[in-house]
Engineer: 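One structure follows; several queries about it will come next.
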There are 2 protein chains.
Amino acid sequence: MQAQLIALDWGTTSLRAYKLAAGGQVLEQRSLSSGIMQLPCVPRMIAGRICTDGFELAFDEACGDWLDAQPGLAVIACGMVGSAQGWTEAAYRDTPANVASLGSALSTVRSWRGLDVHIVPGVIERSPLPNVMRGEETQVLGALQGLPAGAGDNLLIGLPGSHSKWVEVVDGCITHFDTFMTGELFAVLSEHSILGRTQQRGAPFQEAAFDRGVQVARSDEGARGPLSTLFSARTLGLTHELSPAEQTDYLSGLLIGHELAALSDVQRRRRHVADLPSILLIGNAQLCARYRRALGSCGFDRVDLAEHATERGLWHLAEAAGLMG
Amino acid sequence: MQAQLIALDWGTTSLRAYKLAAGGQVLEQRSLSSGIMQLPCVPRMIAGRICTDGFELAFDEACGDWLDAQPGLAVIACGMVGSAQGWTEAAYRDTPANVASLGSALSTVRSWRGLDVHIVPGVIERSPLPNVMRGEETQVLGALQGLPAGAGDNLLIGLPGSHSKWVEVVDGCITHFDTFMTGELFAVLSEHSILGRTQQRGAPFQEAAFDRGVQVARSDEGARGPLSTLFSARTLGLTHELSPAEQTDYLSGLLIGHELAALSDVQRRRRHVADLPSILLIGNAQLCARYRRALGSCGFDRVDLAEHATERGLWHLAEAAGLMG
């Protein structure tokens, strides 16, 4: 089958490239470590000249051979490649945002090969506190494409990660979202705080310890917030109630539990209904499994996983932008 | 005046030594960087032998000359020197704890000079989640000594720091305390997270940014907790509402605000009264000034600072233990 689009999911630490045929069918895909914070630096020939530009080099590594074989292919990219530190800045678009509004607002950068790389803008919600996403908007729009009609009502889309996003969608539009720095907090505490000193890494998943963390976050003590409960990851070790192997997953459960307890409050308040929404999770399978487990004990009982969200989103945005002619 | 006691405040990163006369009067004091995590390692002669033990070396640096001049002096120490990683472990004592109960439970280690160093135990509260302090118990008991009669009623003692403590005292007894990892979280986020990347350090105190952080923590958005509001330290920078110089103090205000919002909830619930307690702060003057500022906007309007709390506490514990003969 003939390729119609090259789609790039280009983040801070990784670059995933997809060669797509009609309907967004994936013909080939690749994963590179050339995120925008770790671009390649070894010069090479591109379009007959010596190139030292990290973005050009990464782009060439990712899909140079696909473009050699089919020089006229359209190219679209999402993620931090469109940030101020990226290849070119694709300014945030305000909520509400959908495939049509984002597809009509792509930025472009002209590559050395003479073709335009189209970059998806991030989304900003300006009040009450400003909130931004970049890359997740594409995943959300892609995940919506995979849903049966009507399934988007009373749905909340979760994207667990360093900066977890929880996105509300109305009629295919991103209308509101929240961000929780859960993943990054877990990482910096485990690597750089006193809590990490007694953690034993690399143990298999300690589900009882994880569940205990979730429960503490949801308890009366949990209402004091993570600044208070975090210390229990240390003291439960001192009192031999948590082994070093259990401390990592206890901390993970504690932080995810705080995130979901806050989310559940927010959702009940925003919707003025007793029913919590259905959840659609997008992201790393192991992390989504943790969230699914914790969601269950926080009262969210309808949880599904979305797949191929990024490449689907990029395909539909390229279609909306008319990139495939 | 004749010295009667050597009192050591021996923590993780510092060692302060006091030479005290009758009544706890300070004759001389010293500050060294020989905390238990950075002990000296250059061998030297102690009591006629080559010594390589870090605790002995630090002890000798801190007060060897005082002991040479007056070999029979009693010695007492508090802080992490009594932890499992310390010179000798002084097991935690349960709440309630006062000068009499802690003074009767000192651990001892025999130094090369042939004299006993007495070490104050930490305090543990076992439920609902275990909570521990080590060093702060001595400061709290010392601060109480400086108060007029009756001033301890409806009083809450705050010790801001890496692991802030808030201590309730009844009739001179430590009955309950909470810990918030505010200071350590601020440090790891500023040094190791995405929030630190855009912070400009070393600027003078940005009081408007600090106050804004406190207000956000106390707002409706703040009710979602720090996992959610933390991201605003980044997005307010992206939208140019906070300059790089302001981001550090905004984050400081945000975290302190979350700590105090939780504390205020806890206190109202525990005391079943509308009146918040008076506050007595112990600690670094600049940090206490930040807390005093934030406490005011969180409804705590009676705030005092305690001075010389550690040396007073060590004196009274030594007295209760009968160390001065």
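Here is how names work: the chains are called A, B, and so on, in the same order as the sequence lines, proteins then strands, and each is numbered from 1. Being a predicted model, the structure only gives us computed values, none of them experimental.
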Engineer: Indicate the atoms forming the closest heavy-atom contact of A:Ser107 with A:Thr88, along with that distance.
Structural biologist: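 Of all heavy-atom pairs spanning A:Ser107 and A:Thr88, the closest is CB-CG2, 4.3 Å.
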Engineer: Which pair of non-hydrogen atoms, one from A:Arg134 and one from A:Val120, has the smallest distance, and what is that distance?
Structural biologist: NH1-O, 4.3 Å
Engineer: Do the ring planes of B:Tyr291 and B:Trp166 sit parallel (below 30°), tilted (30 to 60°) or perpendicular (above 60°)?
Structural biologist: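 Taking B:Trp166 first and then B:Tyr291, their aromatic rings sit tilted (interplane angle of 30° to 60°).
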Engineer: So does B:Glu246 pair up with B:Arg212, basic N to acidic O under 4.0 Å?
Structural biologist: no
Engineer: Please list, in residue-number order, every residue in residues 222-235 of chain A that has a heavy atom less than 4.5 Å from any heavy atom of chain B; write 'none' if there are none.
Structural biologist: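 Expected list: A:Arg224, A:Pro226, A:Leu227, A:Ser228, A:Leu230, A:Phe231, A:Ser232, A:Arg234, A:Thr235.
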Engineer: Which residue out of B:Arg126, B:Met181, B:Glu221 racks up the most heavy-atom pairs below 4.5 Å with chain A?
Structural biologist: B:Met181
Engineer: Pick one of side chain, backbone, both or neither for A:Leu236, based on which atoms fall under 4.5 Å of a heavy atom in chain B.
Structural biologist: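 Answer is both: backbone and side chain atoms of A:Leu236 are under 4.5 Å from chain B.
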Engineer: Can you tell me which portion of A:Val266 sits under 4.5 Å from chain B's heavy atoms? Options are side chain, backbone, both or neither.
Structural biologist: side chain
Engineer: What heavy-atom pair brings B:Leu260 and B:Phe300 nearest, and what distance separates the two atoms?
Structural biologist: O-CE1, 4.3 Å
Engineer: Can you say whether A:Asp265 sits under 4.5 Å from chain B via the side chain, the backbone, both, or neither, judging by heavy atoms?
Structural biologist: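 For A:Asp265, neither part sits under 4.5 Å from chain B.
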Engineer: Using a heavy-atom cutoff of under 4.5 Å, enumerate the residues of residues 189-199 of chain B that contact chain A, numbered in order, or state 'none'.
Structural biologist: B:Leu189, B:His192, B:Ser193, B:Ile194, B:Leu195, B:Arg197
Engineer: Using ring pair (Phe, Tyr, Trp, His ring centres under 6.0 Å) as the criterion, list what pairs up with A:Phe210, not counting sequence neighbours.
Structural biologist: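 Checked A:Phe210 against ring pair (Phe, Tyr, Trp, His ring centres under 6.0 Å); matches are A:Phe205.
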Engineer: Taking B:Ile124, B:Val188, B:Leu263 one by one, which has the highest count of heavy-atom pairs under 4.5 Å against chain A?
Structural biologist: B:Val188
Engineer: Is there a side-chain contact between B:Ile119 and B:Trp10 (heavy atoms, below 4.5 Å)?
Structural biologist: no
Engineer: Between the side chains of B:Gln247 and B:Gln206, is a donor N or O closer than 3.5 angstrom to an acceptor N or O?
Structural biologist: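 No - no donor-acceptor pair under 3.5 Å links their side chains.
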Engineer: Do A:Ser101 and A:Arg93 have side-chain atoms, one donor and one acceptor, less than 3.5 Å apart?
Structural biologist: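 There is no such pair between these side chains.
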Engineer: Checking heavy atoms, do the side chain of B:Glu184, its backbone, both or neither come under 4.5 Å from chain A?
Structural biologist: side chain
Engineer: Would you call B:Ser162 and B:Phe186 a side-chain contact if the rule is heavy atoms closer than 4.5 Å?
Structural biologist: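 No, their side chains stay 4.5 Å or more apart.
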Engineer: By side-chain contact (heavy atoms from CB on, under 4.5 Å), which residues pair with B:Ala217, not counting sequence neighbours?
Structural biologist: B:Leu254, B:His258
Engineer: If I compare all heavy atoms of B:Thr239 with all of B:Glu241, which pair ends up nearest, and what's the gap?
Structural biologist: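 Heavy atoms only, the tightest pair is OG1-OE2, 2.7 Å.
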